[in-house]
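Here's the structure we're looking at; comments come further down.
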Amino acid sequence: MEPMDDRIPEEKYKIYDFINTSNDIERVSNYIIKLYPNLVTKFYAKVAAQKMLDKGITAEAILDGSFDKYIHNYVGSLKEMIDELLSTFFISESDAIKILHDLSNKYYFDINDLKSEKMKEEIASTYDIIPKEIKEESVKVDNEATEILLRVQKKKKNARVVAMLLCGIGIVGIFNYAYKEGKREIESAKTRKELTTIANLDVKEGTFTNQSMVKSGDIKDYNYSQIASSIINGCSKNQNLFDYYMYDTYLNFKSARKFNNPIVMMDKVLDELNLQLASNTELQSLYERTSGYDCFLEYLYKEGFISHTDSDYYIIGQDIEKYKLLKMSGLENPLESAYFPKESSIRLNKLVNAFTSMKYDATLFNEFKDDIEDLTSGGRG
Amino acid sequence: MIDVNTITLENNQEYIIVDAIELNNNKYLILAKENTIGDFCIRKVISKEGKEYIVKLDSNEEFDIILKEFVRKHSGKGDKNE
């Protein structure tokens, strides 16, 4: 069989008219779609069918599989175009397929057409997507600053996840602010009494808190090493798992520094923590067995902000090690406390209260309320 | 599920626009990755030739200020200026 030329050499963006589709075109196009159901549109299948039939190939020969290789090559060109879109634009594969499907309902085009600047501009404009080449043009070398064209996309996201993001950022923010404020106040404290008073204020007041700070010695000897020690001691002894989370949070925050958001002043403390953590096997063991997020969820449960009565909850701490951790934390019924409700079971009011108690405005969640109420409608135990 | 706004940064990673802060005649975006609590950043929005661009912050101090403002905004309390 001779190789076939399936390109249209003369015309670009040729519009095919399939109003009077012959029965053969219909049968062959259906056969092609059946072979590649998720890749080939009806339009493209008809184009391929017409070209083969125009070559004198009979529909019967196509339908008995004699030209499957040709069809495979044809579909392969579509895959090539999908890859071309992915390399050209900041889009997902599903978006690329959708774009090709949309365009193929209007035009016939091949890979060379897709590589043309004209078509790239048309696609970028029509679908409001970011061409990677344009991104490079907008880069300004100015104190290593990078400008990115602001293109906002609307996406559907899990409401609970978004709520947790807000809380997580807020916690980090509070900690960041509280630590600096606390450190400043501690360093300015003149007496042990003042130091004790400072240490007793909790996070809600925006002041760094750690119960073990009340045991800090002479403030004249106060240094980063002591801060680190007190944090580690507090995490080891404090039954409030929220401290675990905060400890974990700012350690995780280290990984976010590459996005220009370092907590520079934490460097020295973190260095000390790393040194002391290495010798604190108990805390290290605790830290390794749980994640900050789990601790935060447990905190919510402990404080009564989330319920665990539904049978479809899934277990956080299924393994024995986590069970021990939970028992060590002093939680009642540690197995029950290991349950965290599926997203459909979160009680909106209690979740709102959780954030309210951390001084987050409940109105923050108004825009999530309808969706979260839908999620919770089946989980009220 | 809810509708959220997202953007793609120079690292090809998608970030949710958690919040927008306006301060000192500047607009800032609080961006967070969907499944990683603690992995977030703050970028500034600038206008040039009729288009909006996002840029990195100028200093660590600017980051602290905006983060503090974010907390203050959602705390339901009064101004906590030092």
Side-chain angles (χ1 to χ4, degrees), chain A residues 90 130 135 138-139 143-159 161-162 164-174 176-177 180-181 184 206 248-250 252-253 255-256 258-265 292-293 296 355-356 358-362 364 367-368 371, chain B residues 1-20 27 29-48 51-77 80 82:
Chain A
F90 285 117
I130 303 174
K135 178 196 76 71
S138 69
V139 169
N143 295 325
E144 300 181 353
T146 300
E147 297 178 352
I148 301 174
L149 191 63
L150 177 60
R151 289 184 181 271
V152 176
Q153 291 181 295
K154 278 205 181 296
K155 295 283 180 74
K156 291 284 186 184
K157 297 294 182 185
N158 184 300
V161 169
V162 178
M164 286 298 181
L165 286 174
L166 278 163
C167 183
I169 296 171
I171 288 172
V172 173
I174 287 175
N176 187 37
Y177 168 75
K180 291 177 181 176
E181 279 296 289
R184 182 177 66 83
D248 185 73
T249 296
Y250 73 76
N252 287 339
F253 208 59
S255 68
K258 56 184 178 292
F259 297 118
N260 199 35
N261 55 358
I263 303 180
V264 176
M265 73 172 297
Y293 183 64
F296 177 66
F355 294 114
T356 301
M358 296 178 192
K359 301 302 181 183
Y360 285 96
D361 192 340
L364 178 69
E367 58 185 306
F368 305 142
D371 292 275
Chain B
M1 303 295 275
I2 58 172
D3 284 330
V4 297
N5 291 326
T6 66
I7 62 172
T8 301
L9 293 184
E10 66 278 357
N11 56 357
N12 286 351
Q13 298 289 312
E14 180 184 81
Y15 283 77
I16 295 174
I17 301 177
V18 176
D19 200 1
K27 180 179 177 182
L29 299 179
I30 314 292
L31 309 173
K33 288 185 75 174
E34 180 175 354
N35 295 314
T36 310
I37 292 180
D39 187 352
F40 73 92
C41 61
I42 301 175
R43 297 293 174 96
K44 185 159 50 182
V45 180
I46 63 172
S47 293
K48 277 176 62 175
K51 294 184 179 180
E52 287 189 321
Y53 295 85
I54 52 174
V55 297
K56 296 179 180 179
L57 303 184
D58 296 325
S59 64
N60 297 331
E61 289 70 29
E62 190 176 19
F63 172 81
D64 287 344
I65 290 170
I66 302 306
L67 189 57
K68 180 181 172 183
E69 178 62 21
F70 173 86
V71 173
R72 187 201 67 79
K73 176 181 173 182
H74 295 291
S75 68
K77 294 184 69 173
K80 283 185 68 68
E82 297 182 14

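Just so you know, these numbers use all the heavy atoms, side chains as well, and skip hydrogens, waters and symmetry mates. Below, chains carry the letters A, B, ... as their sequence lines are ordered, and counting in each starts from 1.
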By side chain to side chain donor-acceptor pair (under 3.5 Å) - contacts of A:Gln153 (at least two apart): none

Options B:Val45, B:Asn5, B:Leu29, ranked by heavy-atom pairs under 4.5 Å with chain A, top entry: B:Asn5

Between NZ on residue A:Lys154 and CD1 on residue B:Ile17, distance to nearest 0.5 Å: 9.0 Å

Set of salt bridge (Lys or Arg N to Asp or Glu O under 4.0 Å) partners for B:Glu52, sequence neighbours left out: none

Contact origin within B:Glu14 toward chain A - heavy atom pairs under 4.5 Å: side chain

